[in-house]
K.L.:
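Provided herewith is a single structure, encoded as structure tokens, for subsequent inquiry.
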Amino acid sequence: MVNTHVNLSGFELDNPVIPASGTFGYGYEFAELYDINILGTFSFKGTTRDPRFGNPTPRIAECASGMLNSVGLQNPGVDQVIAEELPRLKKCFRKKVIANISGFSRDEYVCCAEKLAAQEQVGLIEVNVSCPNVHNGGMSFGTCPSSAAEITRAVKAVANHKPVYLKLTPNVTNVAEIAKACEDAGADGISLINTMLGMRIDLRKRKPVLANTMGGFSGKAVFPVALRMVWQVYEAVRIPIIGMGGVSSTEDVLEMMFAGASAVQIGAANLQNPFICKEIIEELPAVMERLNIQNLTDIIGAAHS
Amino acid sequence: MVNTHVNLSGFELDNPVIPASGTFGYGYEFAELYDINILGTFSFKGTTRDPRFGNPTPRIAECASGMLNSVGLQNPGVDQVIAEELPRLKKCFRKKVIANISGFSRDEYVCCAEKLAAQEQVGLIEVNVSCPNVHNGGMSFGTCPSSAAEITRAVKAVANHKPVYLKLTPNVTNVAEIAKACEDAGADGISLINTMLGMRIDLRKRKPVLANTMGGFSGKAVFPVALRMVWQVYEAVRIPIIGMGGVSSTEDVLEMMFAGASAVQIGAANLQNPFICKEIIEELPAVMERLNIQNLTDIIGAAHS
Amino acid sequence: MAGCLKKGLFKIRKNRKIAKDIYLMILQGDTSAVTAPGQFVNIALNGFYLRRPISVCDLSGDMLTIIYKVVGHGTAYMSKLEKGRHLDLLTGLGNGYDTSCSGDKPLLIGGGVGVPPLYYLAKKLLEQKKHPSVILGFNSREDVFGEQEFKALGLETVITTADGSYGISGFVTDALKNFHNYSYFYSCGPEAMLKAVSDASESSGELSFEERMGCGFGACMGCSCKTKYGNKRICKDGPVLKKEEVIW
Amino acid sequence: MAGCLKKGLFKIRKNRKIAKDIYLMILQGDTSAVTAPGQFVNIALNGFYLRRPISVCDLSGDMLTIIYKVVGHGTAYMSKLEKGRHLDLLTGLGNGYDTSCSGDKPLLIGGGVGVPPLYYLAKKLLEQKKHPSVILGFNSREDVFGEQEFKALGLETVITTADGSYGISGFVTDALKNFHNYSYFYSCGPEAMLKAVSDASESSGELSFEERMGCGFGACMGCSCKTKYGNKRICKDGPVLKKEEVIW
Ligand SMILES: Cc1cc2nc3c(=O)[nH]c(=O)nc-3n(C[C@H](O)[C@H](O)[C@H](O)COP(=O)(O)OP(=O)(O)OC[C@H]3O[C@@H](n4cnc5c(N)ncnc54)[C@H](O)[C@@H]3O)c2cc1C
Ligand SMILES: Cc1cc2nc3c(=O)[nH]c(=O)nc-3n(C[C@H](O)[C@H](O)[C@H](O)COP(=O)(O)OP(=O)(O)OC[C@H]3O[C@@H](n4cnc5c(N)ncnc54)[C@H](O)[C@@H]3O)c2cc1C
Ligand SMILES: Cc1cc2nc3c(=O)[nH]c(=O)nc-3n(C[C@H](O)[C@H](O)[C@H](O)COP(=O)(O)O)c2cc1C
Ligand SMILES: Cc1cc2nc3c(=O)[nH]c(=O)nc-3n(C[C@H](O)[C@H](O)[C@H](O)COP(=O)(O)O)c2cc1C
Ligand code: FES
Ligand code: FES
């Protein structure tokens, strides 16, 4: 029997398969489809201090082997997540969840982190630093080592000893440098990648397809870039990495782990096939056996020489 | 009759379709397949001062809707290009060509540019600033506004009044800033995007597929990122843009132009289908008519409001 | 109203052109997730990343009918599929129309590819002994489809064409002026039409909306809209909204 | 030697398993670009970005035979294609073997999926009244294919298997020890085998190499190698190299 267990800074997972934030809601949509307790865990929809409707529609565009979204962090706000979503989730999910948080200022991050860290259901805090920073000309926190480090420190201070993972954007020149800054600032781990900035134009309308002009590009197409960044970050830091970006098969999960990921998130693929995570979890042991992998933890970063 | 003519800083093209550097050799491979004089022009294989064998093989990996290459600028060196490749090309191509040059130091760029600018067959110099800078810790010239500007100035000084286009890498946080720096330094235009940095792992060998570990990712998959960057650069500069990255259909050409490109290069798609540029050129007038486009130049940047 | 979605392979039994750019496809498979007229299916197509949402036009046993218009690469690809091929569908998506509100004499108002879901709705209403009337709007004679089918159900069916080449000249709202005393209305069509219908209608009613979708089953927030009763997802809380809740 | 490549649609006439993981496919189309044995075709597969290079195994009129092994997703996809389907091929790729060098009694040495190109080569040599002998190496009995076909040409055909389950136990080089006085050799197979053959051979000869390819027709420099006569592209200046020029 192969062993699929992995560990994220003390957060034990039965397997490394984690639906990614924004593609799995607060879980219960999927709980109608299959028992979501088979998942390693999942990362819930990016939550902000205040409720947000997000961007105007169209918010979705299609690309070769991928998609754009400009949802814009639609969520009911952290208080309602705690008051309604988590209790509802509790009925169908007995594992701890990853709380994905976002903000447009340091205070917003701190507010969300503090409230969610106090929740017993939360096993790990994933800090999305890809949103534009309203206090800094709109460049996202995650594009600069010092602001990423600042958010890391601020969130760590209120995290109630829960592991804090910084979720990095791929839209940067040097992702390893930013990951290193987060590690130095106390991050327990790194999640990457968030979506790449992309766009499409509607030739009939002669305008961008997305009402918001640009959007986040994800899906199979981004896999080689994501894998490369996981590889680079693995060489730069010693903390665990959750790899994601285009993962859509069991083999993709393993490639990510060989590159250095301790666990793997799956985003856009859930939208194409709501059963994809279940299918991968079911197939994983057989593929491991075929590739002669006994313990999944053995392969983390094993392609580095 | 629709008008497909475009103009790159005085270099007149019958149509905007240009095979991209590194996917069309020095032209004559394709001249065996069709009359390459139908092309707008083409950009020849990245040429360096000294001959280069490039990287070890495997140099090619497959991705969803795209590919990785780590050819590593294999080329016979500028002197042999002038002595052998250009004369050979002359026999089958009566238009002027785009000379794509690369270097690992400022002097190498200057040397190539000077020699090629003196060639009557060269209509435009395309300066690939995506190579690692040996004098600067290996970060590529194109990842930093000041080094990109420095190369621009140095090449302009020896360019014999031929238009100089800086070819930018997408692997940066802020491509518009770099484009602006090149414009300010005297660039006549901007080409973008070069390949994205990506990788794949061979699960059986538990090693990267590419002997060189990472490689340049291109093909359909990168189109949304390329289009976004063309859009951003169009908003930042007033000089013409040659758009590329994933273009593989007539509609892609038009999307690029609506986003701000004055002409469009086609790279990896030539490798899948050696006749793709011919097919697009032949189809272009009909598609323009369907979309009610009379003059191609009218649509350049027309999706910006 | 909505049940649980299902994912399954359907076999193409028929796929033929019925009007200009309009195709009818019959698919055979497990249709048990479809619980209401106005629901849709989401179809995976080889080489396309996102599924294509198409309304259920008819259902009987394991045979599901859809009618679609070729408007882009995905629907063009669909139109070339040969019978015998299999398609991966998500079924049972969307809330669907609420037939319990209809009253005795509901009015069905469809425009273009908004017509298909009204056919299955009409059949369901008839099962419930209600007697709908039907207004179908098209651009031109060559675009018209469905007239015979609705008439074969024994329903009063009025056709309008924008260019006057067939039926009443004008929009569905021009025909709507001649209808009074209808108990309720159900509509599907382009957003401009829905707005006009909503404004012109004399009763309460329901409207089915379209939006570009990521998932089609409520997971991604790609299709959200604001309503008087709060944010809704077109794919899961819609596509059918009540006239009263719509914010235009 | 190489002519000009052609791009065209070929119809699958046959596609069946002939050994463990090994399939034979017959394709019908315009084969006029194929000018020499040892050339290859490059096959576009739906859903895969790069074409798959496969050697020409046989050619007669507009019928082209290939033999391929399922080693990954692309070849697995190929193995499931039904006859009647069309494939987009580039044909006429590579230099091919030079039959003019063969002398009277050439030796053909193939390993695994390196065997197929030797079959068309054998036929061409026979046309030129030369009489090759053949050594084919495999891992195990279940992997063996081609023996009957070469024998049917009237050629001495020796089989080796690494596990000794069929024919001579060992590698092709173990069989090669028993051959002397051959005029020239032609080889195709895994690189380790080519090296061993090159070292053990008593005559001059030609070896066909594999490399991951971008284009397959000389445009991308994806497949370069260094030879004693300078840099070469496996796809265009190869896949066949002379023993004397190879740098191991
Ligand atoms: C709930 C619902 C029910 C529908 N029912 C029908 C039906 O019964 N018959 C029918 O012909 N059409 C219907 N449509 C519209 C149909 O989904 C689109 O015409 C189709 O997806 C276009 O695909 P394409 O690849 O040809 O076009 P493209 O423009 O190439 O598609 C590109 C992307 O845009 C999306 N898109 C394009 N147009 C629309 C649109 N109008 N609405 C939503 N997404 C769009 C596509 O799904 C795809 O993701 C319905 C749409 C929705 C949301
Ligand atoms: C000139 C030439 C002739 C060939 N002739 C034959 C033949 O007659 N019969 C046969 O069975 N095989 C032949 N091969 C090998 C064949 O091309 C590969 O086995 C096949 O491409 C694998 O594809 P895949 O998708 O199943 O494997 P994957 O590993 O999924 O392929 C991924 C990528 O790697 C490339 N690749 C994988 N293995 C090889 C390889 N060994 N050589 C080159 N590229 C590879 C693929 O082309 C593809 O781009 C030949 C290769 C070359 C270069
Ligand atoms: C529709 C959609 C919504 C997303 N919302 C969030 C979010 O709220 N917070 C976040 O950190 N990432 C969000 N993401 C990014 C994903 O979590 C993931 O990082 C990215 O999509 C790359 O993975 P993929 O290629 O598997 O989709 C979203 C992605 C999609 C497609
Ligand atoms: C095999 C290969 C070789 C390339 N070599 C060069 C090069 O020498 N110089 C250069 O500026 N760009 C080179 N490029 C980048 C292309 O010119 C182009 O910028 C990039 O591939 C994006 O376009 P595409 O997606 O259409 O391929 C190369 C690309 C490929 C695929
Ligand atoms: S399309 Fe995903 S929530 Fe509606
Ligand atoms: S594969 Fe492109 S040059 Fe050989």
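Because the structure is predicted, anything quoted here is derived from the model rather than measured. Each chain gets a letter, A, B and so on, in the order its sequence line appears, and its residues count up from 1.
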K.L.:
Between L210(A) and M199(A), does the side chain to side chain contact (heavy atoms under 4.5 Å, CB included) criterion hold? Intermediate values first, please.
P.N.:
CA-CA 8 Å; L210(A) 299 176; M199(A) 72 179 287; 5.9 Å; no

K.L.:
Need one label for N292(A): side chain, backbone, both or neither, based on atoms under 4.5 Å from any heavy atom in chain B.
P.N.:
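Both backbone and side chain.
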
K.L.:
Could you go step by step and tell me if V127(A) and K167(A) meet the side chain to side chain contact (heavy atoms under 4.5 Å, CB included) rule?
P.N.:
CA-CA 5 Å; V127(A) 188; K167(A) 180 161 173 183; over 6 Å; no

K.L.:
Would you mind checking which part of A302(A) comes under 4.5 Å of any heavy atom in chain B, side chain (CB onward), backbone (N, CA, C, O), both or neither?
P.N.:
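Looking at A302(A), just its backbone touches chain B.
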
K.L.:
So which part of L197(B) gets closer than 4.5 Å to some heavy atom of chain A, the side chain, the backbone, both or neither?
P.N.:
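Its backbone and side chain both get close to chain A.
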
K.L.:
Once you measure the plane-to-plane angle for H304(B) and W231(B), does it fall in the parallel (<30°), tilted (30-60°) or perpendicular (>60°) bin?
P.N.:
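Aromatic pair H304(B)/W231(B) classed parallel.
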
K.L.:
Side-chain donor-acceptor pair under 3.5 Å between N194(A) and S130(A), yes or no?
P.N.:
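Their side chains do contain a donor-acceptor pair, which is all the 3.5 Å distance test asks for.
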
K.L.:
Take S140(A) and N171(A) through the side chain to side chain contact (heavy atoms under 4.5 Å, CB included) test and state the conclusion after the steps.
P.N.:
CA-CA 10 Å; S140(A) 92; N171(A) 305 302; over 6 Å; no

K.L.:
Can you tell which part of F258(B) gets under 4.5 Å to a heavy atom of chain A, answering side chain, backbone, both or neither?
P.N.:
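Answer is both: backbone and side chain atoms of F258(B) are under 4.5 Å from chain A.
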
K.L.:
Need one label for S248(B): side chain, backbone, both or neither, based on atoms under 4.5 Å from any heavy atom in chain A.
P.N.:
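Neither part.
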
K.L.:
Salt bridge check: are E251(A) and R290(A) linked by an N-O gap of less than 4.0 Å?
P.N.:
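The answer is yes: the pair qualifies as a salt bridge.
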
K.L.:
Apply side chain to side chain contact (heavy atoms under 4.5 Å, CB included) to M196(B) and S218(B), showing your working.
P.N.:
CA-CA 7 Å; M196(B) 307 192 67; S218(B) 68; over 6 Å; no

K.L.:
Under 4.5 Å, counting heavy-atom pairs only, tell me which of R200(B), K220(B), K207(B) racks up the most with chain A.
P.N.:
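Between R200(B), K220(B), K207(B), the count favours R200(B).
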
K.L.:
Given a strict heavy-atom distance threshold of 4.5 Å, which part of T169(A) is in contact with chain B: side chain, backbone, both, or neither?
P.N.:
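For T169(A), neither part sits under 4.5 Å from chain B.
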
K.L.:
Side chain from CB out, backbone as N, CA, C, O: work out which of these in L254(A) comes under 4.5 Å of a heavy atom of chain B, or both, or neither.
P.N.:
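The answer is both parts of L254(A).
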
K.L.:
I'd like to verify something: which residue of V175(B), T213(B), L68(B), L291(B) has the highest number of heavy-atom pairs under 4.5 Å with chain A?
P.N.:
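Sorted descending by pairs with chain A, the first entry is L291(B).
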
